[in-house]
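Presented below is the structure to which this report refers.
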Amino acid sequence: MKVPENLNTLAILVNLGKITPKEGLNRIAADVLEHPFNYGLHQFDEEFQSEVILGLLQKGQNLFKRYDPAQGQFKTYLCTLIRYQIKEVLRTNHKKELNEKHIAIMSMLDYENSMAKYNAEEPVFALSDFKPHPLNPTEKVPFRDNHTLQSYITKKNNEELDCIKLMGKYRKKNQIKKTALILALKSCCYITDSHIDNLSEFCGIPKEKIISLVEELKDSLEMRRMKLKKIQNSRDRAFLLKRNLEEEINNASDSKKEDRLVKFYDLHKKHWTMRNSQLQNKNCYPSPTNKKIAEVLGICERQVGNYLQNADEVIEEFLKKE
């Protein structure tokens, strides 16, 4: 393509309809690539120059419409646009580098925390750390409906093997195993594969059976788990923006710009603090109800509540014997 020596005529040619705006933009791009020194692009590499030209072409629909001949020559107008496009590309690249830097930092912190958490050798009964609030005595049913329970257990046993029966129902020596199982199911969203392996060996229940129960309870908590994930993502985003703004404030040279950045910094810091407060509330973390656990195990809700309420005493007695 032949590049005109004088680009000032491009706007006139486009306005008269002698060439299309697309042809005019192609001539501008060719001139910028051939003479980068005229537009201040000589100090940047070819990739950066391509980004500037691409951004200019994307905004090219209004490039000729916004030109006012009374304000100066078209070449001056074009150089101004390219200068602002250079600043925009620099600003975009700077934000991208900051985001990648902070994402790498957060990933490293998460990895270190995960290593410290999962490398710890915990006994099976450490699942009691997830002990929920016990039922209020006034909320417990005063009797056991054996007829209804027996009908449900009969129906349940037709589909799958009952876990409580596997451990020996109503045998006091198996109380610690039943307690460990119920505590694990109460903490189904947080137990790991190693926990499940230890629980299977400790309680004498097939691993596949425990995984099936955990997955069933997790499915019932899907909405609450999504809500928790949304809060965590909101907190992480606020923290990332806060860190970015903190660095921009330290590098700001203009007092007005610094005041504006401080305002946004305070806003994101407040949002980050609020989300952290929400996550510190234990009610925010999903946990299956006693009724749901009783349903999957084929026992009554009152029995689940009793196991949870007496978990501390049962575990303490078990540790003394060990």
Side-chain angles (χ1 to χ4, degrees), residues 1-106 237-269 271:
M1 181 186 295
K2 184 178 179 180
V3 180
E5 296 181 359
N6 187 6
L7 290 181
N8 291 323
T9 60
L10 272 182
I12 299 175
L13 294 175
V14 172
N15 292 332
L16 293 176
K18 293 185 177 181
I19 63 173
T20 62
K22 183 177 180 180
E23 292 177 353
L25 289 173
N26 289 338
R27 293 187 182 184
I28 291 174
D31 189 66
V32 172
L33 286 174
E34 188 172 349
H35 307 98
F37 186 86
N38 295 340
Y39 302 94
L41 286 170
H42 60 285
Q43 54 185 327
F44 302 105
D45 56 20
E46 294 183 358
E47 183 178 355
F48 186 89
Q49 294 177 13
S50 299
E51 290 182 13
V52 172
I53 295 174
L54 181 60
L56 190 66
L57 293 176
Q58 290 174 346
K59 301 176 182 177
Q61 296 295 333
N62 299 321
L63 189 146
F64 296 104
K65 295 180 181 179
R66 293 178 179 176
Y67 170 63
D68 184 5
Q71 301 298 326
Q73 294 183 347
F74 181 77
K75 187 69 174 289
T76 305
Y77 166 73
L78 179 61
C79 290
T80 304
L81 286 179
I82 292 178
R83 186 171 69 250
Y84 279 104
Q85 186 62 33
I86 291 173
K87 291 182 178 180
E88 182 176 346
V89 173
L90 288 173
R91 183 165 53 249
T92 302
N93 291 343
H94 177 65
K95 289 183 178 180
K96 183 178 179 181
E97 290 176 1
L98 283 177
N99 289 339
E100 291 177 352
K101 176 182 176 182
H102 292 306
I103 289 173
I105 293 175
M106 292 305 299
R237 182 175 180 275
F239 177 75
L240 181 61
L241 292 173
K242 182 179 74 72
R243 287 284 300 270
N244 289 350
L245 288 168
E246 188 175 356
E247 288 197 10
E248 291 188 19
I249 290 172
N250 294 333
N251 298 329
S253 57
D254 187 2
S255 59
K256 291 184 179 180
K257 181 181 179 181
E258 184 177 354
D259 294 339
R260 182 170 58 84
L261 292 175
V262 168
K263 182 179 178 181
F264 284 110
Y265 173 81
D266 293 337
L267 177 65
H268 291 298
K269 184 179 180 181
H271 186 72

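Taking NE2 of His271 as the start and NZ of Lys242 as the end, the distance is 13.0 Å to the nearest 0.5 Å. Note that NE2 of His35 and CG of Leu41 are 13.0 Å apart. Values are rounded to the nearest 0.5 Å. Taken to the nearest 0.5 Å, the CG atom of Leu56 stands 6.5 Å off from the CD1 atom of Ile28.
Under the 4.5 Å side-chain criterion, counting only non-hydrogen atoms from C-beta, Gln71 is not in contact with Tyr77. Side-chain contact between Ile86 and Ile82 is present, with heavy atoms from C-beta onward closer than 4.5 Å. Contact of the Tyr39 side chain with the Lys75 side chain is registered, since non-hydrogen atoms from C-beta on lie closer than 4.5 Å. Two residues are said to be in side-chain contact when any heavy atoms from C-beta on lie closer than 4.5 Å; Val32 and Gln49 fail this criterion. In this structure the side chain of Thr20 never reaches within 4.5 angstrom of the side chain of Val14, judged on heavy atoms. With a 4.5 Å cut-off on side-chain heavy atoms, Glu246 and Leu261 do not count as touching. In this structure the side chain of Lys269 never reaches within 4.5 angstrom of the side chain of Leu241, judged on heavy atoms. Between Leu78 and Asp31, every side-chain heavy-atom pair lies at or beyond the 4.5 Å cut-off.
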Discussion item. Apply side-chain contact (heavy atoms from CB on, under 4.5 Å) to residues Lys95 and Asn244 and explain how you reach the verdict.
Written reply: CA-CA 8 Å; Lys95 289 183 178 180; Asn244 289 350; over 6 Å; no
Discussion item. Checking Ile19 against Arg27 for the side-chain contact (heavy atoms from CB on, under 4.5 Å) test, could you report, in this order, the C-alpha distance in whole Å, the side-chain angles of both residues, the deciding distance, and whether it holds?
Written reply: CA-CA 11 Å; Ile19 63 173; Arg27 293 187 182 184; 4.1 Å; yes
Practice prompt. With side-chain contact (heavy atoms from CB on, under 4.5 Å) as the test, would you mind laying out the steps for Gln58 and Leu54 before giving the verdict?
Written response: CA-CA 6 Å; Gln58 290 174 346; Leu54 181 60; 3.8 Å; yes
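Residue Glu247 qualifies as enclosed at atom CD: its count of foreign heavy atoms under 6.0 Å is above 12. Atom CD of Glu47 has 12 or fewer heavy atoms from other residues, nucleotides or ligands within 6.0 Å. Annotation: Phe264, atom CZ; neighbour count of heavy atoms from other residues, nucleotides and ligands within 6.0 Å does not exceed 12.
Side chain of Asn26 to backbone of Lys22: a donor-acceptor contact under 3.5 angstrom is found.
Ring geometry for Phe44 versus Phe48: interplanar angle under 30°, hence parallel rather than tilted (30 to 60°).
Heavy-atom minimum distance, Leu57 versus Ala29: CD2-CB, 4.4 Å.
Each side-chain hydrogen bond (donor to acceptor under 3.5 Å, both in side chains) pair with one or both residues in residues 81-90, not counting sequence neighbours, appears once here: Lys59-Gln85, Lys59-Glu88.
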